[in-house]
Amino acid sequence: MFVVPGSFLPYNDTVTLLSYKRLRNLDLDFDVFCFKGKEDPGILNELSNDENFKKFNFAYTSDLDWAVPRNYPFRLPTGLVLMNKYIEDSLKEFEKKEYDYLFTSSVPGISHIAGKRIKKKHPEVKWYASFSDPFKGSPYKKTDLSDSSIFYKIAFNVGAYCLYNDAYEEAAVEYADKLIFICEEQRDFTLRQYKNYEELKKKSIIMPLTYIPDWKMYQDIIDVKHEPNEIIQAAHLGRLYGLRKVTPFIEALRILKSEDPDLSKKIVFHQYSEIQKNDVELIKKYGLEDVFVLHDKVSYKESIDVMKKADVLLLFDTLMPEAKIQPYLPSKIVEYLLLKKPVLGICDDNSPSYRILKEYGFDTVGSDVELIVENIKKIIKGYKVPEYNLDGLNSVNYNMLEL
């Protein structure tokens with residue numbers, strides 16, 4: 001299999017991990033052509049003990065941060081040159097051998113353009129195109145930036161252009177032999193925007209978010225012996241922006257604290273990573289700093305430690321209450337389920353997070369303010385985690401060539 005994913009392990013990213021999980025169990029040899037990203041020591045350690053990783057051979061092109069300048073908007077001119085070079089060089093690399101299969105991934109979706117170039121010249125290769133988020137019609141592209149700085153607006157639009165360009169998705173949808181999605185909601189949201197939905201659905205595969213049972217980092221999560229804190233500690237790790245709206249949650253905390261001024265002696269919520277300025281101001285306005293504590297972003301290893309020590313795991317979902325389908329699924333839901341701790345899900349019933357948590361037996365989900373209040377009270381009283389097994393999360397159970 002020829003793998004042209006844009007970025008790949010040991011660069012640590014949600015999508016690079018997703019791609020590796022989808023490929024590692026296949027009885028194939030892999031030639032990977034990708035951008036060079038910063039290597040994650042923790043991932044390197046896991047890969048050094050992973051026999052499956054020995055099947056992967058690598059050829060690198062340019063540096064990821066220069067080629068896909070999502071954090072460096074003024075590198076865009078260089079990025080455009082390097083992205084186009086990646087497309088051209090991918091075809092040259094592909095033609096050095098004979099391959100039965102081709103795999104592309106997003107993000108960065110430029111890999112789907114490389115896949116299209118290869119597929120058009122070599123229609124005999126079977127192309128698997130992997131998706132993690134919808135591009136076309138993405139509500140995140142419509143985020144209101146009126147209160148943002150000029151620099152943020154530039155960075156946002158450069159990121160959208162480089163990472164979530166509609167043309168990337170359209171190339172894969174039209175030319176790939178198989179389309180891989182993480183959930184039914186993502187598949188339907190994406191494909192219903194095309195006239196031939198039923199035809200496209202037939203060539204689609206659902207491969208859910210999974211974990212690698214052989215990796216110590218996952219086994220440590222499963223085996224952790226949690227010591228309850230004297231005051232219940234709840235944690236959320238990840239950015240709060242755009243449609244990840246926290247206003248209903250903040251309003252619920254305001255109600256709870258008005259009912260019980262000593263709320264922080266019973267439960268404290270911690271947010272790690274970015275949160276919008278207006279939400280910070282609302283927290284201060286309501287005097288909730290002792291109940292909703294804000295922290296800077298932490299590394300993946302540190303985030304796992306936070307989750308292990310927390311009594312409750314908090315999930316802020318993308319909120320699209322008026323939409324028929326909400327297609328976004330936070331990858332952290334896997335770690336949440338592995339830890340088997342109480343989960344407070346701020347999500348609507350049109351989302352995959354809501355459906356999955358309900359399927360696993362959790363009933364502390366919902367974005368309505370009154371419901372959030374009741375769910376928090378339920379957790380304070382002592383919420384019993386439902387019984388469930390982890391078979392559906394095991395990556396070994398999913399072979400994309402057989403689906």
Side-chain angles (χ1 to χ4, degrees), residues 13-14 70-71 73 133 138-157 159-160 163 231-257 263-264 267-307 309-321 326 328-333 335-336 343-348 351 353 364-369 372-373 375-376 379:
D13 179 81
T14 300
R70 53 182 161 185
N71 296 321
D133 285 323
S138 169
Y140 276 94
K141 292 182 183 178
K142 303 171 186 175
T143 299
D144 182 8
L145 301 176
S146 57
D147 294 331
S148 303
S149 67
I150 292 295
F151 181 82
Y152 185 88
K153 290 176 182 177
I154 293 172
F156 182 91
N157 286 293
L163 297 175
I231 297 172
I232 298 171
Q233 302 295 311
H236 175 266
L237 298 111
R239 297 170 63 205
L240 296 178
Y241 67 104
L243 296 173
R244 286 185 186 168
K245 300 172 184 175
V246 295
T247 307
F249 175 74
I250 295 173
E251 291 293 339
L253 291 185
R254 178 187 64 79
I255 292 170
L256 285 165
K257 190 168 182 180
L263 182 63
S264 63
I267 190 167
V268 176
F269 296 89
H270 298 268
Q271 159 62 18
Y272 292 83
S273 194
E274 176 187 349
I275 181 170
Q276 297 302 294
K277 183 180 178 181
N278 58 331
D279 292 322
V280 175
E281 292 173 350
L282 198 59
I283 292 167
K284 292 179 179 178
K285 176 182 176 181
Y286 292 155
L288 297 174
E289 295 96 329
D290 61 331
V291 181
F292 196 11
V293 182
L294 307 181
H295 306 267
D296 291 333
K297 181 181 178 180
V298 295
S299 68
Y300 181 77
K301 183 179 182 304
E302 289 171 316
S303 72
I304 294 298
D305 289 339
V306 170
M307 283 191 270
K309 294 174 183 176
D311 301 291
V312 177
L313 302 169
L314 182 58
L315 187 146
F316 287 109
D317 203 6
T318 297
L319 298 182
M320 298 166 54
Q326 191 282 89
Y328 298 96
L329 178 61
S331 62
K332 65 173 68 68
I333 200 167
E335 285 86 354
Y336 280 21
V343 175
L344 178 65
I346 313 301
C347 46
D348 290 322
S351 80
S353 299
T364 47
V365 293
S367 68
D368 180 79
V369 174
I372 296 172
V373 169
N375 287 337
I376 293 174
I379 287 171

note = So CG of L282 and CZ of F292: to nearest 0.5 Å the spacing works out to 10.5 Å
Neighbour count >12 (heavy atoms, 6.0 Å) for atom CG, D296 = no
request  = List the steps and the verdict of side-chain contact (heavy atoms from CB on, under 4.5 Å) for V246 and L240.
outcome  = CA-CA 7 Å; V246 295; L240 296 178; 3.4 Å; yes
remark   = By side-chain contact (heavy atoms from CB on, under 4.5 Å), V298 pairs with (sequence neighbours left out) L237, Y272, E302, S303
ask   = From L253 CG over to I376 CD1, what is the distance, rounded to the nearest 0.5 angstrom?
value = 5.0 Å
side-chain contact (heavy atoms from CB on, under 4.5 Å) partners of D133, counting only residues at least two apart = Y328
task = Heavy atoms only: give me the nearest G366-I372 pair and the separation to one decimal.
result = O-CG1, 3.5 Å
query = Nearest heavy-atom pair of E289 and V293: which atoms, and what distance?
reply = O-CG2, 3.6 Å
Sub-4.5 Å side-chain heavy-atom contact between V312 and V343 = no
request  = With sequence neighbours excluded, tell me which residues meet ring-ring contact (aromatic ring centres under 6.0 Å, His included) with Y336.
outcome  = none
key: Rounded distance (nearest 0.5 Å) linking atom CG of L315 with atom OG of S351   = 8.5 Å
inquiry  = Within this structure, what is the NZ-CD1 distance for the pair K285 and I250, rounded to the nearest 0.5 Å?
reply    = 11.5 Å
query = Can you pull the salt bridge (Lys or Arg N to Asp or Glu O under 4.0 Å) pairs that have at least one residue in residues 272-284, sequence neighbours excluded?
reply = R239-E274
ask   = Excluding sequence neighbours, so at least two apart, what forms side-chain contact (heavy atoms from CB on, under 4.5 Å) with S331?
value = T14, L209
remark   = dist F249:CZ -> L344:CG (nearest 0.5 Å) comes out at 6.5 Å
request  = Compare all side-chain heavy atoms of I154 with those of I150 and state whether any distance is below 4.5 angstrom.
outcome  = yes
remark   = Sequence neighbours excluded, the answer for side-chain contact (heavy atoms from CB on, under 4.5 Å) partners of K301 is S299, D305
ask   = Which residues pass the side-chain hydrogen bond (donor to acceptor under 3.5 Å, both in side chains) test with S367, sequence neighbours left out?
value = D348
query = Tell me, which pairs form a salt bridge (Lys or Arg N to Asp or Glu O under 4.0 Å) where one or both residues lie in residues 241-255, sequence neighbours left out?
reply = E251-R254
request  = Using side-chain hydrogen bond (donor to acceptor under 3.5 Å, both in side chains) as the criterion, list what pairs up with H270, not counting sequence neighbours.
outcome  = Q233, H295
message = With a 3.5 Å distance limit and no angle check, can you tell me whether Q271 reaches the backbone of G238 through a side-chain donor-acceptor pair?
response = yes
query = Listed by chain and number, what are the salt bridge (charged side-chain N to carboxylate O under 4.0 Å, His left out) partners of D290, not counting sequence neighbours?
reply = K257
inquiry  = When you compare the side chain of V365 with that of N375, does any pair of heavy atoms fall below 4.5 Å?
reply    = no
request  = Check whether any side-chain heavy atom of L294 sits under 4.5 Å from a side-chain heavy atom of I275, and report yes or no.
outcome  = yes
query = Is the shortest heavy-atom distance from the side chain of L329 to the side chain of S353 under 4.5 Å?
reply = yes
request  = Report yes if the side chains of D317 and I346 come closer than 4.5 Å at any heavy-atom pair, otherwise no.
outcome  = no
key: Polar side-chain atom of E335 near backbone of I304 as donor-acceptor pair, under 3.5 Å   = no
inquiry  = Run the salt bridge (charged side-chain N to carboxylate O under 4.0 Å, His left out) test against D13 and tell me which residues pass, sequence neighbours left out.
reply    = R70
message = Please report the interatomic distance CD(Q276) to OG1(T247), rounded to the nearest 0.5 Å.
response = 10.5 Å
